[in-house]
2 protein chains.
Amino acid sequence: MKVSTKGQYATRALLDLALHQDEAPVLLKHIAQRQKISLSYLEHLITPLIAAGIITSTRGPRGGISLARPPEEIGLDEVVQLLEGAISLVECVGNPKVCTMSQSCATREVWDELRQAMMGVLKSVTLRDLMERQREKENATEIMYYI
Amino acid sequence: MKVSTKGQYATRALLDLALHQDEAPVLLKHIAQRQKISLSYLEHLITPLIAAGIITSTRGPRGGISLARPPEEIGLDEVVQLLEGAISLVECVGNPKVCTMSQSCATREVWDELRQAMMGVLKSVTLRDLMERQREKENATEIMYYI
DNA sequence: ACTAAGTTGATAAAATTAGTCAACAATATA
DNA sequence: TATATTGTTGACTAATTTTATCAACTTAGT
């Protein structure tokens with residue numbers, strides 16, 4: 001039970017984008033370098049984010065990607081679901097037919113409650129929150145240098 | 001991001017055990033049949049549960065497995081962690097050295113919060129709760145037949 | 001035209017998951 | 001004590017998923 005690199009990388013890439021975005025689009029190549037993700041791999045993570053309307057892209061010179069919405073309107077639940085698939089932790093939750101016992105299975109309920117709890121946590125964290133946290137962290141480590 | 005069959009099956013097996021346990025130990029074979037899990041596979045899921053002191057086993061004729069503690073003292077967090085491994089959804093949470101950016105990574109915090117939320121949900125559900133839910137469900141479907 | 005970007009699809013290595021099989025160990029009981 | 005019954009262990013394998021890489025392609029700016 002883990003978040004794959006897809007979800008992790010996409011989240012990091014979005015945060016990186018949010019932090020480096022002013023007017024001009026941000027180069028995939030630069031995000032890849034800063035986040036130490038292979039560019040070829042990152043390209044594939046970006047695609048679904050574009051399709052979902054989270055980021056926009058422009059090709060050609062001076063191209064790159066930009067957030068399609070303000071960061072406070074981008075919840076991590078959306079990002080994670082996009083990259084990790086519809087977190088039905090267990091197949092029978094989304095598709096009861098796979099198991100003849102589904103109707104009367106108490107364990108099935110628990111997996112669904114777990115899913116809901118996870119979504120709740122992720123939904124409560126937006127890209128804006130991440131940006132703020134990141135800046136705080138960087139301030140904290142800067143201060144560390146003076147000690 | 002999902003619960004593997006190991007976690008699912010182990011939970012179902014434990015619930016099955018809890019529901020069918022009176023004095024005599026319950027046969028692995030019967031659990032496997034009722035839960036439609038292959039016996040050979042189930043054997044491997046049982047081993048860590050024994051090692052963790054959740055169930056006890058006796059070999060030979062009239063053997064089988066039994067709960068080692070009352071069901072209200074068996075939380076799903078324990079079961080799931082045992083079978084799925086220490087749910088550090090992301091490697092750098094448990095082992096910050098794997099990523100040079102860990103100290104100042106805001107995303108890392110989120111995965112840890114997510115982990116905590118999940119553990120909280122799972123911890124709040126004991127085998128006793130599952131038993132009660134299961135019995136309710138069965139009553140509910142019985143009533144359905146009369147309609 | 002040419003170059004700089006993103007886009008897409010085919011492919012593949014590596015890791016994990018899910019499961020099987022067979023040899024083995026312990027125990028009740030006839 | 002022989003034997004059938006049950007759990008235990010470890011080696012092995014097939015399938016799937018993850019994690020990429022590469023190359024051909026498209027689009028846009030200069």
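Note that this is a predicted model, so its numbers are computed, not measured. Within every chain, numbering begins at 1; the chains are lettered A, B, ... in the order of the sequence lines, protein sequences first and strands thereafter.
- Checked by atom type and distance alone, the side chain of B/Arg34 never pairs as donor or acceptor with a backbone atom of B/Asp16 at under 3.5 Å.
- When the nucleotides C/dT29, D/dT6, C/dC21 are ranked by their closest atom to the side chain of B/Ser40, C/dC21 comes out on top.
- Listed nucleotides D/dA20, C/dA18, D/dG7 differ in distance to B/Ser4; the shortest reach to its side chain belongs to C/dA18.
- The separation between A/Leu49 atom CG and C/dG6 atom P is 14 Å, rounded to whole Å.
- Note on B/Ser38: a side-chain N or O is less than 4.0 Å away from OP1 or OP2 of C/dT20.
- Where A/Gly60 and B/Ile65 each meet DNA chain D at their nearest nucleotide, the meeting point lying more 5' is that of B/Ile65.
- Ion pairing between a basic and an acidic side chain is recognised when a charged N comes within 4.0 Å of a carboxylate O; B/Lys2 and A/Glu84 show no such pairing.
- Protein atom CD of A/Gln35 is 14 Å distant from nucleotide atom P of D/dA20, rounded to whole Å.
- Per the geometry, CD1 belonging to A/Ile50 stands 8 Å off C1' belonging to C/dT7, to the nearest Å.
- An OP1 or OP2 oxygen of D/dT18 is reached within less than 4.0 angstrom by no side-chain nitrogen or oxygen of A/Tyr41.
- Of the candidate nucleotides C/dT7, D/dA4, C/dT3, D/dA4 has the atom lying nearest to any side-chain atom of B/Pro61.
- A/His44 contributes no side-chain N or O that forms a donor-acceptor pair with the base of D/dT18 under 3.5 Å.
- Following rounding to the nearest Å, A/Ile46 (CD1) and C/dG9 (C1') show an atom-to-atom distance of 18 Å.
- Interface remark: the B/Arg62 side chain does not form any donor-acceptor pair with the C/dA28 base, using a distance-only criterion of under 3.5 Å.
- Separating the CG atom of A/Leu27 from the P atom of C/dT3 is a distance of 18 Å, rounded to the nearest angstrom.
- Among the nucleotides D/dT8, C/dG6, C/dG19, the one closest to any side-chain atom of B/Thr5 is C/dG19.
- Nucleotide C/dG9 holds its P atom 13 Å from the CD atom of A/Glu43, rounded to whole Å.
- Side-chain proximity of A/Lys2 to the nucleotides C/dG19, D/dT6, D/dT19 is greatest for D/dT19.
- In this structure, B/Leu39 atom CG and C/dC21 atom P are separated by 12 Å, rounded to whole Å.
- Among the atoms of the strands shown, only primed sugar atoms or phosphate atoms (P, OP1, OP2) are found under 4.0 Å from some heavy atom of B/Ser57.
- Atom CG in A/Leu42 sits about 12 Å away from atom C1' in D/dA20, given to the nearest Å.
- A salt bridge is absent between B/Lys123 and B/Glu78: the closest approach of a Lys/Arg side-chain nitrogen to an acidic carboxylate oxygen does not fall below 4.0 angstrom.
- With salt bridges taken as basic N to acidic carboxylate O contacts below 4.0 Å, one links A/Arg133 and B/Glu113.
- Between the side chains of A/Tyr41 and A/Thr5, at least one donor N or O lies within less than 3.5 Å of an accepting N or O.
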